[in-house]
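Here's the structure, in structure tokens; my notes come after.
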Amino acid sequence: MKQFFLTTAIDYVNSRPHLGTAYEKICADVIARYKRLCGFETRFLMGNDEHSQNVFKKAVDEGLDPLAYCDQMEREFRKTWAHLDVSFDDFIRTTEPRHKAGVTEIATRLWDAGDIYEGVYEGWYCVSCEEFKQEKDLVNLNCPLHPTLKPEWIKEKNYFFRLSKYQQPLLDHFAAHPDFLQPDVRRNEILRLIEGGLIDISISRAGQSWGIPLPFDPGSVVYVWFDALINYASAVGLGGDQAMFEKWWPADLHVIGKDITRFHAVIWPAMLMAARLPLPRHVFGHGFMTLNGQRMSKTLGTIVDPIEAADRLGVDPLRLYLVKEVAFGGDGDFSWERYEERYNVDLANNLGNLVSRVTAMAHRYRGGRVAPGASSHDQLARLGERVVVDYRHAMDRFALHEGAAAAYRLIDGTNEFIAATAPWKLAKDPASADQLSQVLFDAVEAIRLAAVLLSPVMPASSREILRRVGASSADLDFDRDGRWRNDGERLVLQEGPLWPRKETTTVTDNPLPPDGPAPGALPPVSAPVAPTAPATPASDRISIEDFMKVELRTAKVLTAERVEKSKKLLKLSVDVGTEVRTLVAGIAEAYEPDALIGKTVVIVFNLKPAKLMGIESNGMVLAASPDGGTPTVVSFEAPPPPGTRVR
RNA sequence: GCCGGAGUAGCUCAGUUGGUUAAGAGCACGCGUCUCAUAAGCGCGGGGUCGGCGGUUCGAGUCCGCCCUCCGGCACCA
């Protein structure tokens, strides 16, 4: 039997799933369901990534055992996926024994192959980033991403994977398998990256407990992302169930976000080459969902809860929106208005209304029993066959949006067909009885076929439609059900609207706050809510002494000019009361230099000097800086004299 | 500045390797029409120099070069 093994990325359990993660799972689910429909024995894998120091820390902060915390998150994720009708066959957690077995197996193979070697890594290590930092990137010896954290100088035994050795083999593989990585944008990107040269990478951490020990040196654990990649293989028995592994490996498809393509299209294949294991057949890097064109960000409050979105109009309407309105592979935008618009147009007006009118006529004119007539006009049938071809072609190359569009061409065509044949007129003329039967049958059959095509996208709705048009929804099979069938009597049921039209409310585009309202609630209609910063856990707080180390003072801007060749930097000279200082501020995108002159701002007075674009900066201007937003400098309505201490 | 991505109708966007789905779809708007249906459906219409300028070609949203604009990342957010 033909088979298909696909995976999504496993998710970090630091935060709950949002619409972006849901998007990936839903798209993968559509592919999985399509493959099942086509008769593939399908294995659809998802899971959680738990061996992160951040997870460990977060659990400790919440006073939980890390595993208990992960258990809790697993329930959260599973609940979400179940709610969204994501039909995964297996769910792996990287803390499971089977995963440990897989990781151990890969590590051993790479070690035996001589592709792992021991080295010493020295450098500044930021615990929060779980990364070594270059000295030049440090901010006054602090991590640039975590300004309150001082990276530690770590000198540790470290194991490296000879990634460099696989530059040419990878290029060869890409050349031999042009569709290994899709879409093309990603492929080109990665090819350039590989051509630019690969360097060996560190794959272990010493002296940590949260992780999987290296088989050849239990004092070190496997670096979290190296560990994570292996889940795809360990989930099908690598290092454990050999028979299962042989059956399912290699994976046919990894569905991942575009941000992690290099892990999946460079490092992972190289690891498999080194382990002498076959490579996955396809990697697909999908795009990101934005909210009203803005990145989804927790701090901006631009996160959409997928369960909330599903509860608003329905799981299937959400799935259809995500699949049909976004070209799979590109970025997509979500907005509550557009979501409602698509619901009304695609579901209420078109498909839902079509089902209503056809089932109503079937009942009114034929008592609900519809069978082909003797006079066959095959215009709808031909459209159906053509649409099926387009649909398959699109779905087979993961063009999910085109697949959905193909199904909709049949739906639109059926509405047109009804207008053209006007069954209500035929019904008035007894001589047209046979023709009427055929028209009704054709319409019912078209709906049936469209429902089959849409079944991967809208599984529950598809079942309901099939039930109403007297067709079975059990064990759908594309070869049997995915074609025009001009035979058999259909017992049609006339019931209420599938998707009642929503009257357009004045839905605002305000994003939901991070911990949004109860499911079912409308988004806030009030004025935009200021993004609320996540509460800082008590353990991360600093003492007053710590704070007092930072000397904040007012300063009056005397001159301001753009830094040559810089996009973000302004060079300022400021009066700090006792002297005039030069400092550099990254606010050029938000402020014209002239607008700052004469303003009194707050600076960090006792900051060590740093060189930026060749200019020595003696202090730092305080500004509110949202992620991805423009900064606003702290200023005063009634400025105190320069040099006043701020505390 | 470097590296990516993108510029197609008022809005959101499709447009497989350059040539009969090339100038499209949906929404919005205007007009018309049907009455089976969820004030849904169907038809017609307005409106675009396919960012600009060159080039390759018998033929260019499509390929090449330069330029403009926007977005993202990095250099530079001390």
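Lettering of chains follows the sequences in order, A, B, ..., and the numbering in each one begins at 1.
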Quiz item: In terms of side-chain heavy atoms of A:Ser356, which of B:rA37, B:rU35, B:rG26 is nearest?
Solution: B:rA37
Quiz item: Rounded to the Å, how far apart are A:Lys571 NZ and B:rC77 C1'?
Solution: 18 Å
Self-check item: Member of A:Asp575, A:Val576, A:Val580 meeting the side chain to side chain contact (heavy atoms under 4.5 Å, CB included) criterion with A:Thr578
Solution: A:Val576
Quiz item: If you check every side-chain atom of A:Asn415, which of B:rC42, B:rA14, B:rC36 has the closest atom?
Solution: B:rC42
Quiz item: Is the shortest side-chain N/O distance from A:Asn618 to OP1 or OP2 of B:rA78 below 4.0 Å?
Solution: no
Quiz item: A:Leu351 and side chain to side chain contact (heavy atoms under 4.5 Å, CB included): which partner among A:Leu454, A:Asp346, A:Asn415?
Solution: A:Leu454
Exercise. Go through B:rC42, B:rA40, B:rA78 for me and flag the one nearest to the A:Ala419 side chain.
Key: B:rC42
Exercise. Specify the separation, in whole Å, of atom CG of A:Asp333 and atom P of B:rC70.
Key: 20 Å
Quiz item: For A:Asp434 and A:Gln438, does a side-chain donor sit closer than 3.5 Å to a side-chain acceptor?
Solution: no
Self-check item: side-chain N/O A:Arg501 vs B:rA37 OP1/OP2, d < 4.0 Å
Solution: no
Quiz item: Out of B:rG41, B:rU38, B:rC36, which nucleotide sits closest to the side chain of A:Trp499?
Solution: B:rU38
Quiz item: Of all the choices, B:rA37, B:rG15, B:rA78, which nucleotide is nearest to the side chain of A:Ala360 once you look at every atom?
Solution: B:rA37
Practice problem: Determine which bases of RNA chain B form Watson-Crick or G-U wobble pairs with both distances under 3.5 Å, and write the result as a 5' to 3' dot-bracket string with | for other-strand partners. | Solution: (((((((..((((.....[....)))).(((((.......))))).....(((((..]....))))))))))))....
Practice problem: Would you mind telling me which of B:rG26, B:rA37, B:rG15 lies closest to the side-chain atoms of A:Val345? | Solution: B:rG26
Quiz item: Got a donor-acceptor contact below 3.5 angstrom from the A:Tyr339 side chain to the A:Tyr321 backbone?
Solution: no
Quiz prompt | Base orientation of B:rG15, syn vs anti, 90° cut from 0 | solution = anti
Quiz item: What nucleotide, of B:rC27, B:rA78, B:rU12, holds the atom closest to the side chain of A:Met620?
Solution: B:rA78
Quiz item: Hey, does the side chain of A:Arg581 reach the backbone of A:Asn618 with a donor-acceptor pair shorter than 3.5 angstrom?
Solution: yes
Self-check item: Of the listed nucleotides B:rA37, B:rU38, B:rC27, the one nearest the side chain of A:Pro497
Solution: B:rU38
Quiz item: With respect to the side chain of A:Arg342, which nucleotide from B:rG15, B:rC76, B:rC27 is positioned closest?
Solution: B:rC27
Exercise. Can you figure out which of B:rC76, B:rU38, B:rA37 approaches the side chain of A:Asn353 most closely?
Key: B:rA37
Quiz item: What is the distance from CG of A:Asn350 to P of B:rG41, rounded to the nearest Å?
Solution: 6 Å
Quiz prompt | Residue pair A:Leu572, A:Val601: steps toward the side-chain contact (heavy atoms from CB on, under 4.5 Å) verdict | solution = CA-CA 11 Å; A:Leu572 309 175; A:Val601 297; 5.9 Å; no
Quiz item: Has the side chain of A:Asn349 got a donor or acceptor that lies under 3.5 Å from a partner of the other kind on the base of B:rA40?
Solution: no
Quiz item: Is the cationic atom of A:Arg409 (NZ for Lys, CZ for Arg) positioned less than 6.0 Å from the six-membered ring centroid of A:Tyr391 and within 45 degrees of its normal?
Solution: no
